[in-house]
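Below: the structure, in C-alpha cells.
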Amino acid sequence: MPSDAIAFALNQPGHLRFSSTRTLAESFDKVGGHVQTLLNGHLVLYRPDGRRVLETDSVGHPLHECEWESASDGTVFLRRARVRLDWGRWVGIKPGGLVNETRLNLAARPNWQRITPDDLRALAAGALRVPIEEVRWFYRDEDFAIAPNGTATIRQRKDALYVLDGGGFETVRFMACMGAMHWDQIDFLPVVELFKSLLPGTGSAVFELIRGLYDDQNKGRSAPRALRYRGIPTYPSEAAFRLFSAFFTPHPVDGVDPFTAFMNPSQSHRVEWLPAQYPPVRHFEGSRGLCVTLQNGMVHKATLAEDPAGLPYVRSIGRRVLPLDRSLRVEGSLLILKDRETEVSVPLDPYLQVRPSPSDECPISPVDWRTVFVQGVPRVSPADAFEAVPLFPEDDQEVGELAAQSFVADYLDDLGEQDREIGKLRSQAERVLIANGDAVIATCVLFDRPRDYTVHVRYVAYAQRQAQQLWTQCAEVRRWDWLRRIQMGVVEEGKEPLDTHELYDLIYQWLPYDSFDSPTAMSAIVTRLSQLLRRGGEAFIVGPVRLEELLRQAPSRLLIHWDQSVAALPTVSMHKTILPKARVKAGLTLFHVKRL
C-alpha cells in the first residue's frame, strides 16, 4: 500500500501544483527525497534538507503542499503553501502576503535622529496597550525605516489566506489574514482576522499544517516547544479555544482553569499549549467525495462534498446540542450519517482502523432549520452552500454588495446598544421585515424575546447559511418558539414578495446594487416599503445617496431622521485597520426614516 500510495500522491494530476514540488517528484529518490509514514498512517514527503513538501492520507490523497525558497543569505523560508478543505476546495497561504505601511513624522520630536526601532515599538505598545514583548514579536528591525527627513515607515506583515479557485495560485481571491508566522520555527498560535470570511474547515486544515511543521521541527528535542496565543491584539473566543485544543493541549495559568484564563484577553497569551496526543486525522475517499476525520480511532466528523446543506456530520457524544441535528455513528464497517430522521449508510474503506461509536446521546431538536423557508428550502449547489461567506478584497477594489452589508448591520447592532432610542426601537418592534440583507440576516434578529420576522431573500446560498446560524443561536438559548416565528422567502423578479399585505413596525431594506442606476426600480422599492411600513413605523434603508430625493417626495410618506455615508461608519474604519485600502461603493448611504 505505501509504495502505491506514494506513486498515487506524486503522479496523480492536480496533486502537485508547485513547480518545485513537481521537479522534486520527477527524481524523488535520486535527489535524496524521502518519505515518512506517520503512526496515523499518513505519508509525509520531504526534500533532501528535511523540509516537508507534501502530506497525504494513507492512500495518497493530498492534504497540504509546501513550497520552500532560499534567500540570498542562504536561509530557507516558506514561500507559500496550500491546504485542502474537507469538501475539496483548496486554500492558499502566502507568508507575509499582506503588508500594511504606517508613516509617522518624527522631525518635530527632540533628538529624533536617535530614535531606534525599540523606541517605536514602545510607542506602539503604549498606543495599543500591549506589552512591548508582543510588539517585538511581530515587528522586526527591518520592518522599521527612518528617512533623513524624519519620516518613519512602519511595515506590518501578515500572512494572507486565499481561496484558490483552480487549486493553485493562478487565480486567487483574498479571504483572511493572520499574524505573520515563523514557519521555519513554529513558536506561537496566531490570531486570524476576518475570521467570518473563512470557508468552512479552513481553521482545521491550516492547523493541520501548523501541527505538521511543528512536529517536524521538534524531532529530537528533549521536550517540545510550548506555544502561546499571540496577536496585536488577541481575540480569545470559545471557537478559537476549541480549534487550538484539537491540536494542542492547554495548561493552567497559576492554577486557573486554562479556558477561563484563555477567555480573559489580558491572560490568554499566558496559556501554554503543548502537542495533543491525538490530533485530528483526515482521510479522503475520492470516489464518494467523502472526508472522514478521526480522533483516537473514533470518527469525529464526516463531510460529503456534494451535500447541498454545506454542513458536516459530527459525533454526538459529549455534546449538549447536536449542531443542525446532524450526527454520525459507526456500525461495523458502515458509517451512518443522520440528518434528523434521515439516515445514509456509507461503507468505510477497510484500511481505516475505526472504533465503533455508541448510540446518539443528543435528541434531535423540535424544529428543523429548514422550516424557516416558507416556500421550501431553495435549491443550492453544494459549492455555493459551502462557499457562502462574504469576501473582502485586499486592495482598493470596491467591496462587493453582500460583504458591504456587514458594515451596516454591525453598526446598527452596536448603535442599538449605545443609543437608547435606537435600542428601544429595535426592542419594541413586534413585526420586522428584512429585505435583501442576505449576508446579515442573523445580525438583524434580536434574541431578547419572540417576535415575528419576515425575510425577503435573493442570494439563496447566503440565506441558507443565515438560517443555519439562526437555528444555532436559538439552540444555545433553547428557544425554539423564536425560530418558528422567522419566515424566509425567495423574492423572484416580477413576482410579489410573501406577506405583501402585512404591516411592519421595523424594516431593514438594502437596495440591490443593480437597481442604483434605475430611478424606476428604486421608486418601486420605496413605494413598496412605504406600503409595508405601518404609520409610525421606522426603517433603515441602504442605497445610493441620490435615494434621498425619492424618500423626500410626498407620495412616499417617509420622514428622514438622519442619513450617514456607509464609508464613514466606524465599522468601515475598523475594517480599514486590517485592510487600509478598503473601499465601499461611492455614495452608499444609510438612511433612518419614519412612516408618517
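Hydrogens, waters and symmetry mates play no part in the numbers below; they use all other heavy atoms, side chains included.
- Put simply, OG1 on Thr102 and CD on Gln156 are 7.0 Å apart, with the number rounded to the nearest 0.5 Å.
- One finds a salt bridge joining Arg157 and Asp143 here, because a Lys/Arg side-chain nitrogen approaches an Asp/Glu carboxylate oxygen to under 4.0 Å.
- Summarising the geometry, atom CG belonging to Leu199 is positioned 11.5 Å from atom CG belonging to Asp86; distances are rounded to the nearest 0.5 Å.
- Between Phe174 and Tyr162, the ring-plane angle classifies as perpendicular under the 30° and 60° cut-offs.
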Tell me, with the steps shown, if Asp384 and Ser381 meet side-chain hydrogen bond (donor to acceptor under 3.5 Å, both in side chains).
CA-CA 5 Å; Asp384 288 344; Ser381 74; 3.1 Å; yes
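- Sorted by first and then second residue, the salt bridge (charged side-chain N to carboxylate O under 4.0 Å, His left out) pairs with a member in residues 541-557 read Asp517-Arg546, Glu548-Arg552; sequence neighbours excluded.
- One distance of note links CD of Gln464 with CD1 of Ile441; it measures 11.5 Å at 0.5 Å rounding.
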Evaluation steps, side-chain contact (heavy atoms from CB on, under 4.5 Å), between Leu470 and Leu483:
CA-CA 7 Å; Leu470 288 167; Leu483 192 66; 4.2 Å; yes
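- Classified by interplanar angle (parallel below 30°, tilted 30° to 60°, perpendicular above 60°), the ring pair His575/Phe392 is tilted.
- Applying the side chain to side chain contact (heavy atoms under 4.5 Å, CB included) rule to Leu123 yields the partners Arg109, Leu120; only residues at least two apart in sequence or on another chain are considered.
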Please assess Arg136 against Asp118 for the test salt bridge (Lys or Arg N to Asp or Glu O under 4.0 Å), listing each intermediate value before the final yes or no.
CA-CA 8 Å; Arg136 188 176 288 117; Asp118 247 13; 3.1 Å; yes
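- Between Arg595 and Glu538 there is no salt bridge, since none of the side-chain N atoms of the basic residue sits less than 4.0 Å from a carboxylate O of the acidic one.
- Nearest heavy-atom pair across Ser523 and Leu550 is N-CD1, 3.8 Å.
- Between the side chains of Trp183 and Asp159, at least one donor-acceptor pair of N or O atoms lies under 3.5 Å.
- Outside the 6.0 Å centre-distance limit, the rings of Phe195 and Tyr235 are not counted as a close aromatic pair.
- Applying the salt bridge (charged side-chain N to carboxylate O under 4.0 Å, His left out) test to residues at least two apart or on different chains, the pairs with a partner in residues 569-590 are Glu398-Lys585.
- For Trp480 and Trp471, the ring centers sit closer than 6.0 Å to each other.
- With sequence neighbours left out, Arg17 forms a side-chain hydrogen bond (donor to acceptor under 3.5 Å, both in side chains) with Glu170.
- Checked against a 6.0 Å centroid threshold, the rings of Tyr229 and Phe188 do not count as neighbours.
- By the side chain to side chain contact (heavy atoms under 4.5 Å, CB included) test, Pro323 is found to be paired with Val314, Arg319, residues two or more places apart in sequence or in another chain being considered.
- The heavy-atom pair separating Ala409 from Val440 by the smallest distance is CB-CB, 3.6 Å.
- Val163 is not listed as a side-chain neighbour of Val172, based on a closest heavy-atom distance of 4.5 Å or more.
- Side-chain contact between Val432 and Thr454 is absent, with no heavy-atom pair separated by less than 4.5 Å.
- Relative to the ring axis of Tyr453, Arg485 does not place its NZ or CZ within 45° and under 6.0 Å from the centre.
- Sparse packing is recorded around CD of Glu306, with 12 or fewer heavy atoms of other residues, nucleotides or ligands lying under 6.0 Å away.
- Separation of atoms CG (Leu104) and OG1 (Thr151) is listed at 9.0 Å; rounding is to 0.5 Å.
- Taking all atoms of both residues into account, the shortest heavy-atom contact from Leu529 to Ala539 is CD2-CB, 4.3 Å.
- For the ring pair (Phe, Tyr, Trp, His ring centres under 6.0 Å) test, residues two or more places apart in sequence or in another chain that qualify with Phe241 are Phe259, Phe262, Trp273.
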Hey, mind stepping through Ile154 and Tyr139 against side-chain contact (heavy atoms from CB on, under 4.5 Å) and telling me if it holds?
CA-CA 9 Å; Ile154 304 173; Tyr139 290 89; 3.7 Å; yes
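- Partners of Trp369 according to the ring pair (Phe, Tyr, Trp, His ring centres under 6.0 Å) rule, which considers only residues two or more places apart in sequence or in another chain, do not exist here.
- Taking the side chain as every heavy atom from C-beta outward, Phe144 and Arg121 approach each other to under 4.5 Å.
- Side-chain contact annotation: Arg528 with Gln531, donor-acceptor N/O pair under 3.5 Å absent.
- Looking at Leu506 and Arg431, their side chains never come closer than 4.5 Å, going by heavy atoms from C-beta outward.
- Met181 is not listed as a side-chain neighbour of Pro95, based on a closest heavy-atom distance of 4.5 Å or more.
- The backbone N or O of Gly167 lies less than 3.5 Å from a partner atom in the side chain of Arg82, making a donor-acceptor pair.
- Summarising the geometry, atom OG belonging to Ser406 is positioned 9.5 Å from atom CG belonging to Leu194; distances are rounded to the nearest 0.5 Å.
- Using a cut-off of 4.0 Å between Lys/Arg side-chain N and Asp/Glu carboxylate O, Glu387 and Arg173 are scored as salt-bridged.
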Under the criterion side-chain contact (heavy atoms from CB on, under 4.5 Å), I'd like the reasoning laid out for Phe591 against Phe540: C-alpha separation, chi angles, the key distance, then a yes or no.
CA-CA 6 Å; Phe591 298 91; Phe540 298 104; over 6 Å; no
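- The side-chain heavy atoms of Phe407 and Val399, taken from C-beta on, include a pair separated by under 4.5 Å.
- Counting non-hydrogen atoms of other residues, nucleotides and ligands closer than 6.0 Å to CZ of Arg449 gives a total above 12.
- For the salt bridge (Lys or Arg N to Asp or Glu O under 4.0 Å) test, residues two or more places apart in sequence or in another chain that qualify with Asp481 are Arg479.
- Using a cutoff of 4.0 Å between basic side-chain nitrogens and carboxylate oxygens, Asp307 and Arg326 are scored as salt-bridged.
- We find that Glu430 and Arg451 are not joined by a salt bridge, their nearest charged nitrogen and carboxylate oxygen being 4.0 Å or further apart.
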Assess whether side-chain hydrogen bond (donor to acceptor under 3.5 Å, both in side chains) is satisfied between Thr589 and Asp563, documenting all intermediate values.
CA-CA 7 Å; Thr589 305; Asp563 61 81; 5.9 Å; no
Starting from the C-alpha separation in whole Å, work towards a yes-or-no answer on side-chain contact (heavy atoms from CB on, under 4.5 Å) for Leu324 and Thr472.
CA-CA 7 Å; Leu324 283 306; Thr472 301; 3.8 Å; yes
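- Among pairs with a residue in residues 514-537, those fulfilling ring-ring contact (aromatic ring centres under 6.0 Å, His included) read Tyr513-Phe516, at least two apart in sequence or across chains.
- For Trp510, there are no ring pair (Phe, Tyr, Trp, His ring centres under 6.0 Å) partners at least two apart in sequence or on another chain.
- In this structure, the side chain to side chain contact (heavy atoms under 4.5 Å, CB included) partners of Arg534, at least two apart in sequence or on a different chain, are Leu503, Asp505.
- When all heavy atoms of Val191 and Gly231 are compared, the closest pair comes out as CG2-CA, 3.6 Å.
- Note on residues 401-416: pairs passing salt bridge (charged side-chain N to carboxylate O under 4.0 Å, His left out), not counting sequence neighbours, are Asp413-Arg426.
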